[in-house]
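Counting starts at 1 for both ligands and their atoms, following the listed order.
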Amino acid sequence: MTHFDVLVIGTGSGNSIINHRFDGLRVAIAEEDRFGGTCLNAGCIPTKMYVYPATRAEEAADSSAVNLSTSYGSADWPALRDRIFARIDAIEADGRAYRTERQENVTVFPEHVRFTGPHSLVTASGREITADRIVIAAGSAPVVPEIPGLDPARVDAPDSPFHTSRTIMRLDSQPESVLILGSGFISAEFGHIFSGLGTRTVVAIRGDRMLPGADAAIRDRFTAEFSARHDVRPGVEAASVRVLDDGRVEVAFRATGRVPGAEVPAPLVVERVLFATGRAPASAGLSPQAAGIDTRADGRIAVDEYLRVLADGAPVPGVFALGDISSPHQLKHVANHEARVVKANLVADLDAGAPGGAPASALTPVNHKGVPAAVFSSPQVAHVGMTEEEARAAGHDVVVGTRDYGGVAYGWAMEDTTGFVKVVADRSSRLLLGAHLMGPEASMIIQPLIQAIAFDQPADEVAKGQYWIHPALPEVVENALLDLDLR
Ligand SMILES: Cc1cc2nc3c(=O)[nH]c(=O)nc-3n(C[C@H](O)[C@H](O)[C@H](O)COP(=O)(O)OP(=O)(O)OC[C@H]3O[C@@H](n4cnc5c(N)ncnc54)[C@H](O)[C@@H]3O)c2cc1C
Ligand SMILES: NC(=O)c1ccc[n+]([C@@H]2O[C@H](COP(=O)([O-])OP(=O)(O)OC[C@H]3O[C@@H](n4cnc5c(N)ncnc54)[C@H](O)[C@@H]3O)[C@@H](O)[C@H]2O)c1
């Protein structure tokens, strides 16, 4: 039995907590996979490093709208992959070496851990650990549906044609064909990556529209535009899969019944299948029940507003959680914010003496107001705050402003015909409730709207109280705000 002052489970955002403040303490870090977690190794960063060349390839393939004759040849996939992962793997290795070799007070357990009690755990190799204070930052993992013919053990296995986002980016060669199952973030981004780089890509979705949870205008217009650029099959799911002698996969489809008259494609033979069918908190492997820890219906570890882990509704002294394992938002910027909150509260708890000794008045609450997100697809999407439907359901006096990219000068330069900005506000308070953008650089030009929601800036003041550079693309945001009928 080895005792520590602090144990952190997971090296994604959890790894950022341990700094010089913890120098005099015995710290343990458990990580069963790559150091740095999902975002660095298999999430945000490598995907965006693939999205960028895919977007350039897509533009090169057809620039006729702006009277250029260009074409796209091919990608040097091994070079592209190696450029991306040379950078990422070096950061991973350095992060691991720093904690393992260069910090005397830190012990790294490079293996799976699970709870045996509220402050005790066991590692996969059988080592028993106790800790006064514990941070659960174990993230989430892909969910793979049960499909006749699919052996779950083959998903992400070496030489398997079945992938999640964990392995698809490290393929030795660019696949000739990919079937993507799912209609969410990962499907939209990988659909763009593979299609843009020249892989024959089919996206099968159970409903009639992409991006569940997005504002209806985004769902409608994104689905239309994405379907124009990608091969999307609505209203179907995989009925069975069969690996052929040449290693490719034959996939049979069936109608889900969600889309009247959906056309069921003939069995499709593809080189790779990508499951983009959601991610679930990695709580089951932690055996939270052994510690009496509460979990929510979707598997999240239950926390209070100070991110203290709950057991029977009350905080477990000195135990905190952050990020995908406990958060309502599976987003890196949220996990990072929550890590800052946990760090502050952990330090307050250490200052208080006994675990759980810090009163609520000494703790920092989490802030989930105006959480933004972007889908780095083609086209790009960004949103913050409520959808129009959510704002109406919440009883607001809803007013909506819109502007197409094609309605401002920079949109003319781009010859953009599909991009738009939609802002949702409350007429009486004049406050912005939500914003929904689709089009080039949506993830960048949304920032003043994120700021307006964060700081309760009235929508008309945001529009009229500052200069907007002319004729830059953010004028589309200014004009959507000016379109609001606030009286
Ligand atoms: C393909 C993809 C693209 C994404 N793109 C974006 C994006 O562009 N922007 C964005 O904001 N978000 C994006 N995300 C989401 C983002 O990656 C996550 O929200 C974020 O990484 C969560 O951080 P975390 O610290 O909670 O968990 P993680 O980074 O997943 O870290 C958890 C760590 O805990 C380890 N672990 C789990 N259980 C145990 C155990 N029992 N014992 C020991 N170790 C354990 C895991 O190995 C893992 O390393 C993307 C996700 C994916 C999959
Ligand atoms: N740019 C970003 O910020 C970014 C990028 C990628 C992922 N992420 C995060 O990762 C999370 C997970 O991404 P995701 O795309 O896997 O999940 P998602 O929740 O966005 O979408 C899951 C999709 O899978 C479908 N699905 C579920 N079960 C299915 C089944 N049995 N058969 C067919 N389809 C099925 C759902 O209908 C949905 O369309 C996202 O919610 C997001 O928070 C963020």
*Asks:* Using distance alone, with no hydrogens and no angle criterion, decide if Thr223 and Ser227 have a side-chain donor and acceptor under 3.5 Å apart.
*Replies:*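 Side-chain D/A pair, Thr223 to Ser227: absent.
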*Asks:* Going by atom types alone, do Gln174 and Thr199 pair a side-chain donor with an acceptor below 3.5 Å?
*Replies:*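 Looking only at side-chain atoms, Thr199 and Gln174 do form a donor-acceptor pair, the distance falling under 3.5 Å.
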*Asks:* Which protein residues have a heavy atom under 4.0 Å from ligand 2?
*Replies:*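 Contacting ligand 2 under 4.0 Å are Lys48, Pro145, Gly182, Ser183, Gly184, Phe185, Ile186, Glu189, Arg206, Pro212, Ala276, Thr277, Gly278, Arg279, Gln330, Leu331, Ala374, Phe376.
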*Asks:* May I ask which of Cys44, Ala374, Gly10, Ser140 has a heavy atom nearer to atom 4 (C) of ligand 1 than the others do?
*Replies:*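 Looking at heavy atoms only, the winner is Cys44.
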*Asks:* Which residue holds the protein heavy atom closest to atom 27 (O) of ligand 1, what is that atom called, and what is the gap in Å?
*Replies:*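 Nearest neighbour among protein heavy atoms for atom 27 (O) of ligand 1, to 0.1 Å: Gly139 CA, 3.2 Å.
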*Asks:* Any idea which protein heavy atom is nearest atom 19 (O) of ligand 1, and the distance to it?
*Replies:*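 Heavy-atom neighbour on the protein nearest atom 19 (O) of ligand 1: Asp324 OD1, 2.9 Å.
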*Asks:* Check step by step if side-chain contact (heavy atoms from CB on, under 4.5 Å) holds for Arg87 and Met49.
*Replies:* CA-CA 11 Å; Arg87 185 182 286 254; Met49 291 180 79; 4.1 Å; yes
*Asks:* Taking the six-membered ring of Phe35 (Phe, Tyr or Trp), confirm whether the NZ or CZ of Arg99 is under 6.0 Å from its centre and within 45° of its axis.
*Replies:*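 No, a cation-pi geometry is absent between Arg99 and Phe35.
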*Asks:* For a quick check under 3.5 Å, do Arg300 and Ser326 share a side-chain donor-acceptor pair by atom type?
*Replies:*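 Their side chains do not contain a donor-acceptor pair, so the 3.5 Å distance test is not met.
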*Asks:* When you measure from atom 37 (C) of ligand 1 to every protein heavy atom, which one gives the shortest distance, and what is it?
*Replies:*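 Going by distance alone, atom 37 (C) of ligand 1 is nearest to Ala138 O, 3.0 Å.
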*Asks:* Would you say Asp324 and His329 are linked by a side-chain donor-acceptor pair, where the criterion is simply a distance under 3.5 Å?
*Replies:*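 No, Asp324 and His329 have no side-chain donor paired with an acceptor closer than 3.5 Å.
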*Asks:* Can you name the atoms of ligand 1, numbered from 1 with element, that are less than 4.0 Å from a heavy atom of Gly12?
*Replies:*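 Within the 4.0 Å cut-off of Gly12, ligand 1 contributes 25 (O), 29 (O), 31 (O).
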*Asks:* Considering heavy atoms of the protein only, find what lies nearest to atom 2 (C) of ligand 1 and give residue, atom and distance to 0.1 Å.
*Replies:*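 It is Gly43 CA, 3.4 Å.
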*Asks:* Can Arg221 be said to sit on top of Phe420's aromatic six-ring, NZ or CZ under 6.0 Å from centre and within 45° of the ring axis?
*Replies:*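 Verdict for Phe420: a cation-pi partner in Arg221.
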*Asks:* When you measure from atom 53 (C) of ligand 1 to every protein heavy atom, which one gives the shortest distance, and what is it?
*Replies:*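 Here the nearest protein heavy atom works out to Arg279 NH1, 3.4 Å.
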*Asks:* Below 4.0 angstrom from a heavy atom of Ser13, which ligand 1 atoms are there? Numbered from 1 as shown, please.
*Replies:*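 Every atom of ligand 1 under 4.0 Å from some heavy atom of Ser13: 25 (O).
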